[in-house]
Each structure stands twice: as structure tokens, then as C-alpha cells.
Amino acid sequence: MKYLYYVYQLFVAFPITIVATILTALSITICCLLGGGNKSTYYLGKWWGWIIIRAFLLPVKVEGRENITEGQSYVFIANHQGAFDIFLLYGFLGHEFKWMMKSGIKKIPFVGYACKMSKQIFVDKSGPSKVNETIEQARETLAGGTSMVVFPEGSRTYDGKMIPFKKGAFLLADELQLPVVPITINGPFKVMPRTKDWHFANWSPLRVTIHQPIYPVDKGPRNIITITRQSFDSVQSALEL
């Protein structure tokens, strides 16, 4: 069955992924050029993530959608297991958001330009001024009522385990007094771990657990430390090792 699945990927899943990615990137770019708003670009991205997960025949289970409210702005934070995290959250989270992503994504043909046009938030650490620009863009996005998804570990896991969270997203949540929603992702590490990029995917069920929002109880360093620790503990509580 494994090799049959590989053949299926070669002739069906990979071609669908390539075509869907190009069409989605072009559609988002055109929408932005024509003045399309956040909703149109978000739903195009949602379609893209959904179709790719389905193309690879991966079953998805989402738990905890009742914990989030439509129209509320959140800082979503999730563990980062692999490349399929992107498709999974875009396709199945069910709440409009912008990504906070590495600046290297700008170099990906079609995708990078579409992300730039749709005002996704690029993390640029090349200098203090660039870092400040990133923070200001994220601040404007959240203050405008849009949610944001962040992988606070900063990179994909090598072994499936979590590493300590960086505090950037929690600083923004504290400043704007927004709720943080921890999300646990299970499965993408088995599908395509970081060490197997550009290899065939392995079949594995995918699960998204949306935890209850963590609301600010204060403002300042104590609140940041508290929500960072609570978020890490929440994500880890549902992680399958």
C-alpha cells in the first residue's frame, strides 16, 4: 500500500498541489490588485489548504471550534510539526487570519508575491529597523480586527517534541490585550518531517485541537510570562509523542 500511495502522489496529489498553488497565488494577486479585501484572499487560501489535504487523502479531525468566536480577533499560536501544518490550519481552522511567516517565503515563485500582496506578516531579522517594521505590521493587523497565526517555536521540530516559545507573539497580545488561543497540531510530523522535505508524504491522520482562549489578566512582563507558560502547557497537553 505504501508504494501504491507513492504512485498516487506522483500522478495525482503532486500535480493537484502544483496547479492549486499556482492558481491560488494568481487569484490572490489579482484580487489584491483589484482591491479585494481580506475575506477574499483568506477564502482562497482556505480552499488551497483544503484541496491539498484532500488530494493527499489525509483524514482530519478538528476539536474545540466552539472555543473561538466569529469576528473576535485572536493571536493563534501552534506547534510547528512540518510543512503540512500550513495546509491544515489554512484549510480547517475555520477562522479568518493572517500568517506571521519567515521572510524566506518571499523567494518562492508565485507564493511569495501573493503573500506579500495579501499583507501576510514577514518576520525579517536582518536588522533592528526590519524587526521594528515586522512588529508594526503585526500590530496594525491585530489592531484592525484581524487574527494572526504564529508558530512561536520559530521553526519546525526535528523530533516531534516542542521547544520553548519565543515571546514576540505574546508581547503583541499583551500590548493589545488580545486573547491568545493555543492550538495543538498532531500528524504532520509523521506525514512529512523536516528532514524529509521534498520527499513522498507518509499517510497519517491529522488532528487539530483548539484550546480555550487565554485572556490577559494584567499588562506587562508578568502577563507575558503567564500567557507564554500557559500557552506552552496547553499545546503540550494534547501533543501525541
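The figures here come from the full heavy-atom set of this structure, side chains too, leaving out hydrogens, waters and symmetry mates. Numbers here are sequence positions counted from 1.
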With hydrophobic residues grouped by side-chain heavy-atom distances under 4.5 Å, do [X] and [Y] end up in a single group?
{"X": "Ile22", "Y": "Ile51", "answer": "no"}
{"X": "Met101", "Y": "Phe110", "answer": "no"}
{"X": "Phe232", "Y": "Ile163", "answer": "no"}
{"X": "Tyr8", "Y": "Phe14", "answer": "yes"}

Fill in the blank from the handout: Contacts of Tyr74 meeting ring-ring contact (aromatic ring centres under 6.0 Å, His included) (sequence neighbours excluded), chain-then-number -> Phe76, His95

Handout entry: Tyr43: partners by ring-ring contact (aromatic ring centres under 6.0 Å, His included), with sequence neighbours left out
Key = none

Inspect the surroundings of [atom1] in [X] and state if more than 12 heavy atoms from other residues, nucleotides or ligands are less than 6.0 Å away.
{"X": "Tyr158", "atom1": "OH", "result": "no"}
{"X": "Arg222", "atom1": "CZ", "result": "no"}
{"X": "Gln212", "atom1": "CD", "result": "no"}
{"X": "Glu66", "atom1": "CD", "result": "yes"}

Looking at [atom1] of [X] and [atom2] of [Y], how far apart are the two atoms once the value is rounded to the nearest 0.5 Å?
{"X": "Asn202", "Y": "Lys2", "atom1": "CG", "atom2": "NZ", "answer": "7.5 Å"}
{"X": "Ser40", "Y": "Ile28", "atom1": "OG", "atom2": "CD1", "answer": "8.5 Å"}
{"X": "Leu58", "Y": "Ser204", "atom1": "CG", "atom2": "OG", "answer": "7.5 Å"}
{"X": "Ile214", "Y": "Ile227", "atom1": "CD1", "atom2": "CD1", "answer": "7.5 Å"}
{"X": "Asn79", "Y": "Ser234", "atom1": "CG", "atom2": "OG", "answer": "12.0 Å"}
{"X": "Gln137", "Y": "Leu142", "atom1": "CD", "atom2": "CG", "answer": "10.5 Å"}

Check whether any side-chain heavy atom of [X] lies under 4.5 Å from a side-chain heavy atom of [Y], and answer yes or no.
{"X": "Cys115", "Y": "Trp99", "value": "no"}
{"X": "Leu172", "Y": "Val75", "value": "no"}
{"X": "Ile68", "Y": "Val181", "value": "yes"}
{"X": "Asp159", "Y": "Arg194", "value": "no"}
{"X": "Leu178", "Y": "Tyr215", "value": "no"}

Fill in the blank from the handout: Paired with Thr184, the side chain to side chain donor-acceptor pair (under 3.5 Å) test is passed by just one of His211, Gln236, Glu63, namely His211

Exercise for the section: For Glu153 and Lys166, run salt bridge (Lys or Arg N to Asp or Glu O under 4.0 Å): C-alpha distance rounded to whole Å, both residues' side-chain angles, the deciding distance at 0.1 Å, then the answer. Expected result: CA-CA 6 Å; Glu153 293 168 283; Lys166 294 178 170 60; over 6 Å; no

Exercise for the section: Kindly say whether the aromatic ring centers of Trp203 and Phe56 come within a distance under 6.0 Å. Expected result: no

Handout entry: Ring-ring centroid check Tyr90 Trp50, cutoff 6.0 Å
Key = no

Could you tell me whether the side chain of [X] and the main chain of [Y] form a donor-acceptor pair under 3.5 Å?
{"X": "Ser73", "Y": "Thr146", "value": "yes"}
{"X": "Asp85", "Y": "Gln81", "value": "yes"}
{"X": "Glu96", "Y": "Tyr42", "value": "no"}
{"X": "Asn223", "Y": "Pro216", "value": "no"}
{"X": "Asn67", "Y": "Ile210", "value": "yes"}

Exercise for the section: Please step through salt bridge (Lys or Arg N to Asp or Glu O under 4.0 Å) for the pair Arg156 and Asp197, ending with a clear verdict. Expected result: CA-CA 11 Å; Arg156 290 171 290 165; Asp197 280 349; 2.9 Å; yes

Problem - Closest approach of Met148 to Phe97 (non-hydrogen atoms, all atoms of both residues) - result: N-CB, 4.2 Å

Practice task
For Val235 and Ile77, run side-chain contact (heavy atoms from CB on, under 4.5 Å): C-alpha distance rounded to whole Å, both residues' side-chain angles, the deciding distance at 0.1 Å, then the answer.
Solution key: CA-CA 9 Å; Val235 174; Ile77 63 96; 3.8 Å; yes

Exercise for the section: Report the C-alpha separation of Lys119 and Thr141 in whole Å, then their side-chain angles, then the decisive distance to 0.1 Å, and conclude whether the side-chain contact (heavy atoms from CB on, under 4.5 Å) test is met. Expected result: CA-CA 9 Å; Lys119 297 183 180 179; Thr141 296; over 6 Å; no

Problem - NZ or CZ of Lys106 within 45° of Phe122 ring axis and under 6.0 Å - result: yes

Fill in the blank from the handout: Result for ring-ring contact (aromatic ring centres under 6.0 Å, His included) between Phe200 and one of Tyr5, Tyr6, Tyr3 points to Tyr6

Exercise for the section: In plain terms, say whether Arg207 and Glu240 are close enough for a salt bridge, that is, a side-chain N and a carboxylate O under 4.0 Å apart. Expected result: yes

